[in-house]
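Notes follow once the structure below has been shown.
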2 protein chains.
Amino acid sequence: MGLAKTEIFSKSQNDIANWAKVLGHPARVAILQHLFKINSCICGDLVLEIGLAQATISQHLKELKTLGLIQGTVEGTSVCYCINPENWLKMKHILTDFLNQDAFENPCC
Amino acid sequence: MGLAKTEIFSKSQNDIANWAKVLGHPARVAILQHLFKINSCICGDLVLEIGLAQATISQHLKELKTLGLIQGTVEGTSVCYCINPENWLKMKHILTDFLNQDAFENPCC
DNA sequence: TGATTTAATCGTAATATTGCAATAAATTAA
DNA sequence: TTAATTTATTGCAATATTACGATTAAATCA
């Protein structure tokens with residue numbers, strides 16, 4: 001069906017999955033890394049930085065915006081993007097908690 | 001096209017995306033959480049625990065196995081699954097490093 | 001042996017994702 | 001105003017993902 005049965009899972013489980021999902025494409029990983037590297041808004045040139053068509057980059061930016069990981073402000077003819085610190089931290093805590101659930105006794109098999 | 005252009009990204013970026021991707025479905029999140037909760041192998045009853053059909057669970061288990069996050073050993077007519085600690089740690093470090101790249105000066109916009 | 005149990009695989013359907021050309025929209029520059 | 005620049009949106013094609021019924025495979029039980 002291609003459609004996840006989100007209703008049978010908890011909000012927490014869906015949150016973890018949704019944050020992970022948006023990081024699940026190398027283009028979005030690269031965009032976020034570049035924004036951190038610049039450490040300020042970047043106006044334009046993301047298309048040159050990543051090697052994909054303008055329409056494709058725009059689509060990935062939209063997904064990052066929808067989840068709130070980045071924000072864009074119009075600056076003349078271009079748009080300036082930067083990381084949204086609050087939502088990055090929110091994601092970071094949710095995913096870190098998930099990743100830190102390990103203890104590894106595993107006394108079997 | 002539905003096919004990510006992985007070749008234009010670094011191995012590191014693809015690794016991050018691939019680990020994130022496997023966590024990008026609530027069923028797989030739930031499976032991993034259950035394995036941690038049990039903290040030992042679980043033989044059977046994952047289908048009952050998660051509310052999806054047996055074929056669907058088996059498919060998700062296969063993805064987790066392919067990435068090496070879980071391992072299964074045959075035990076009679078059933079299969080016992082548990083977390084693979086080495087690969088969990090590997091994933092944890094890769095994703096944690098990515099999540100910790102923040103510093104948040106952001107002196108613009 | 002034959003029946004039962006359990007998990008993997010196959011086949012199929014429906015939806016999602018990725019990518020890009022073409023176009024539209026919005027702003028600036030001449 | 002017109003042209004140029006930049007980003008968003010639309011439309012489409014191809015592949016991926018999700019889900020599940022049916023079947024198969026493998027081991028155990030009677």
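Throughout, protein chains are lettered first and strands after them, A, B, ... in sequence-line order, and every chain is numbered starting at 1.
One interatomic measurement links the two molecules: CD of B:Gln54 to P of D:dT24, which rounds to 15 Å at whole-angstrom precision. Nucleotide C:dT17 holds its P atom 14 Å from the CG atom of A:Leu23, rounded to whole Å. Rounded to a whole Å, the CD atom of B:Glu63 is 13 Å from the P atom of C:dT9. Atoms CG (B:Leu61) and C1' (C:dT6) sit 13 Å apart, rounded to a whole Å. The distance between atom NZ of A:Lys5 and atom P of C:dT15, rounded to the nearest whole Å, is 14 Å. Atom P of nucleotide C:dA7 and atom CD of B:Gln59 are separated by 16 Å, given to the nearest angstrom. The distance between atom CG of B:Leu52 and atom P of C:dA8, rounded to the nearest whole Å, is 15 Å. Atom NZ of A:Lys21 is separated from atom C1' of C:dT17 by 9 Å (rounded to the nearest Å).
The shortest distance between the side-chain N/O atoms of A:Tyr81 and the OP1/OP2 oxygens of D:dT6 is not below 4.0 Å.
Judged by closest nucleotide on DNA chain D, A:Ser58 is the one of A:Ser58 and A:Thr6 placed further toward the 5' end. Projected onto DNA chain C by closest heavy-atom contact, A:Gly51 and A:Leu3 fall at different nucleotides, the more 5' of which corresponds to A:Leu3. Residue-to-nucleotide proximity on DNA chain C shows that, of B:Ala4 and A:Thr77, the 5′-proximal contact is made by B:Ala4.
Taking the six-membered ring wherever Trp is involved, the centroid distance between the rings of B:Phe98 and A:Trp19 does not fall below 6.0 Å.
In this structure, of C:dA8, D:dC20, D:dA19, it is D:dA19 that holds the atom nearest to the side chain of B:His60. Of the candidate nucleotides C:dA8, D:dT7, D:dG21, D:dT7 has the atom nearest to the side chain of A:Ser78.
The residue A:Ile57 sits apart from the nucleic acid: no heavy atom pair falls under 4.0 Å. Across all strands shown, B:Thr56 has heavy atoms under 4.0 Å from base atoms, whether or not it also approaches the sugar-phosphate.
The shortest side-chain heavy-atom distance between B:Ile83 and B:Leu69 does not fall under the 4.5 Å cut-off.
Taking each heavy atom of B:Tyr81 and B:Gly72 in turn, the nearest pair found is CD2-CA, 3.6 Å.
Between the side chains of A:Gln33 and B:Gln101, no donor-acceptor pair of N or O atoms lies under 3.5 Å. Side-chain contact, A:Lys65 with A:Asn84: no donor N or O sits under 3.5 Å from an acceptor N or O.
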